[in-house]
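Quantities reported herein were computed from a predicted structural model and do not represent experimental measurements. We use all heavy atoms of the structure for the numbers below, so side chains are in, but hydrogens, waters and symmetry mates are not.
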Amino acid sequence: MHNMPYRLLFGFVLSLVLQFSLVLSNPPGLNIGFYQYTCPKAEVIVRDEMTKIISRVPSLAGPLLRMHFHDCFVNGCDGSILLDSTPGSPSEKESIPNLSLRGFGTIDRVKAKLEQACPGVVSCADILALVARDVVFLTKGPHWEVPTGRRDGTRSVKDDAVNNLPPPFFDATRNLYQFFIPKGLDAKDQVVLLGGHTLGTSHCSSFASRLYNFSGTMMADPTLDKYYVPRLKSKCQPGDKTTLVEMDPGSFRTFDTSYYRHIARGRALFTSDETLMLDPFTRGYILRQAGVAGYPAEFFADFAVSMVKMGNMQVLTGAQGEIRKHCAFVN
């Protein structure tokens, strides 16, 4: 299923479907092939750099995918997650949900290559979207066409991240209505995008309450697989804020459907993911992907659609915003 010819054929068919469906849904100013004339090799440059980086540091795939998510959910996909703090004005990077993000050097490296080829043309917001797509493909996931043309924002505020990012300790229904639906995403987008947890790791602190003091009971979350709890406790001692745990054990560097099997078995690390099993629709989706055969083609196609949908949220285009020369600083 993961051989290259199948994935390339799948990607070609998916790209055609996406191009037809997105012509009507892309925000004005956002198009597939936006840099066709102004920086024709932009996507090739990004792919080449990411191929080198992921081959050397495959563990960066998950964090770089997460970075795009964290950018888009906070006032839209405008590259604000990349801005450094300024005196008296802490940026989104300083917010608790973003303290564990890594891969900023990768974005800087890609941006530097693009600036060499096409100075002042490709936005940092577009780089995040392209990098997210490429790390998925490079870890055996789907390929899709990314609409580009985003401009970079000039505002990044620490508290905005806390107020806009769905916490791992909220239940799925609360996250859906508080964070997804207001941004134009639905229950299917939620269960599909959380499938991206197949890549990467999490700090113990993001789920420790489920091990030691669930809902103030001083006991483990009863929805956690009782045989999995001791294994997690052996890795995560109370108060541990540094240890990393694989979100998709045994497959955390491969983009596949196996994370859904962990959710179905009560082995998801986060309340936000495990409680997807309480809703009939999202439960049905999870169980279908978690089956013996699984439906990777369905999940791959759905993930591509939801990523494009998320990547279109509140974008700046045309004369809005700017094209940063360096992603960490406004011009």
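Contact check for H68 versus V131: no side-chain heavy atoms found under the 4.5 Å cut-off. Residues Y259 and D273 are in side-chain contact: their nearest non-hydrogen atoms beyond the backbone lie under 4.5 Å apart. With contacts defined as side-chain heavy-atom distances shorter than 4.5 Å, the pair R150/L30 qualifies. Within the 4.5 Å cutoff, the side chain of L82 has heavy atoms near those of the R324 side chain. Within the 4.5 Å cutoff, no side-chain heavy atoms of E92 are placed close to those of V157. Within the 4.5 Å cutoff, the side chain of R133 has heavy atoms near those of the R47 side chain. Proximity of I286 to V191: side-chain heavy atoms (C-beta onward) are separated by under 4.5 Å at one or more points. Within the 4.5 Å cutoff, no side-chain heavy atoms of R66 are placed close to those of S202.
Judged as a side chain to side chain donor-acceptor pair (under 3.5 Å), and not counting sequence neighbours, R265 has no contacts.
Atom CE of residue M310 and atom CZ of residue F69 lie 6.5 Å apart, to the nearest 0.5 angstrom. The structure places CG of L114 at 13.0 Å from NZ of K41, a figure rounded to the nearest 0.5 Å. A distance of 6.5 Å separates CG in N175 from CZ in F180, rounded to the nearest 0.5 Å. Atom OG in S89 sits 11.0 Å away from atom NZ in K158 (nearest 0.5 Å). Rounding to the nearest 0.5 Å gives a distance of 10.0 Å between CG of L65 and OG1 of T198. To the nearest 0.5 Å, the span separating CD1 on I127 from CG on D134 amounts to 11.5 Å.
Heavy atoms from other residues, nucleotides or ligands lying under 6.0 Å from CD1 of I96 number 12 at most. Y177 OH: 12 or fewer foreign heavy atoms inside a 6.0 Å radius.
Between R261 and D256 there is no salt bridge, since no side-chain nitrogen of the basic residue lies less than 4.0 Å from a carboxylate oxygen of the acidic one. One finds no salt bridge joining D48 and K113 here, because no Lys/Arg side-chain nitrogen approaches an Asp/Glu carboxylate oxygen to under 4.0 Å.
Here the shortest heavy-atom pairing between R151 and G321 reads NH2-O, 3.5 Å. Taking every heavy atom of both residues into account, A61 and V135 meet most closely at O-CG2, 3.6 Å. The two residues C77 and A125 come nearest to each other via the heavy atoms O-CB, 3.6 Å. Across L60 and R102, no two heavy atoms sit closer than the pair CD2-NH1, 3.6 Å. Minimum heavy-atom separation, L287 to M277: CD2-CE, 4.0 Å. Across all their heavy atoms, D248 and S258 have their closest contact at OD2-OG, 2.5 Å.
Under a 3.5 Å cut-off, the side chain of T282 and the backbone N or O of L276 do form a donor-acceptor pair. With hydrogens and angles disregarded, no donor-acceptor distance shorter than 3.5 Å links the side chain of S215 to the backbone of T217. Checking side-chain atoms of K233 against main-chain N and O of P238 turns up no donor-acceptor pair under 3.5 Å. Checked by atom type and distance alone, the side chain of D240 pairs as donor or acceptor with a backbone atom of T242 at under 3.5 Å. With hydrogens and angles disregarded, a donor-acceptor distance shorter than 3.5 Å links the side chain of D171 to the backbone of R174. Side chain of H203 to backbone of S205: no donor-acceptor contact under 3.5 angstrom is found. Distance alone, capped at 3.5 Å, is enough to place a donor-acceptor pair between the T275 side chain and the A172 backbone. E246 places no side-chain N or O within 3.5 Å of a backbone atom of G200 that could act as its donor or acceptor partner. A donor-acceptor pair under 3.5 Å links the side-chain atoms of D186 to the main chain of D189, judged by distance alone. Between the side chain of D108 and the main chain of C327, no donor-acceptor pair closer than 3.5 Å is present.
Between F179 and F170, the two ring planes are tilted [angle within 30° to 60°].
If you run side chain to side chain donor-acceptor pair (under 3.5 Å) between D225 and each of H262, R231, R267, only R267 comes through.
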- Would F73 and M313 satisfy side chain to side chain contact (heavy atoms under 4.5 Å, CB included), going step by step from the backbone distance to the final call? CA-CA 8 Å; F73 264 69; M313 295 192 315; 3.9 Å; yes
- Task: Evaluate side chain to side chain contact (heavy atoms under 4.5 Å, CB included) for M50 paired with L130, printing each intermediate quantity in order.
- Result: CA-CA 10 Å; M50 292 315 303; L130 292 168; over 6 Å; no
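Placement of L128 and L138 within a single hydrophobic cluster is found when ILVMFWY residues are connected by side-chain heavy-atom separations under 4.5 Å, directly or transitively. V110 and V57 fall within the same hydrophobic cluster, where Ile, Leu, Val, Met, Phe, Trp and Tyr residues are linked whenever their side-chain heavy atoms come under 4.5 Å apart, directly or through other members. When hydrophobic clusters are built by joining Ile, Leu, Val, Met, Phe, Trp and Tyr residues whose side-chain heavy atoms come closer than 4.5 Å, directly or via intermediates, V162 is not grouped with I81. Cluster annotation: V330 and V74 are assigned to distinct hydrophobic clusters (Ile/Leu/Val/Met/Phe/Trp/Tyr, side-chain heavy-atom contacts under 4.5 Å, transitive). F34 and L316 are assigned to two separate hydrophobic clusters, defined by single-linkage of ILVMFWY side chains at heavy-atom distances under 4.5 Å.
A centroid separation of less than 6.0 Å is found between the aromatic rings of H197 and F270. Taking the six-membered ring for Trp and the full ring otherwise, F137 and F300 have centroids separated by 6.0 Å or more.
There is no side-chain donor-acceptor pair under 3.5 Å between T148 and D126.
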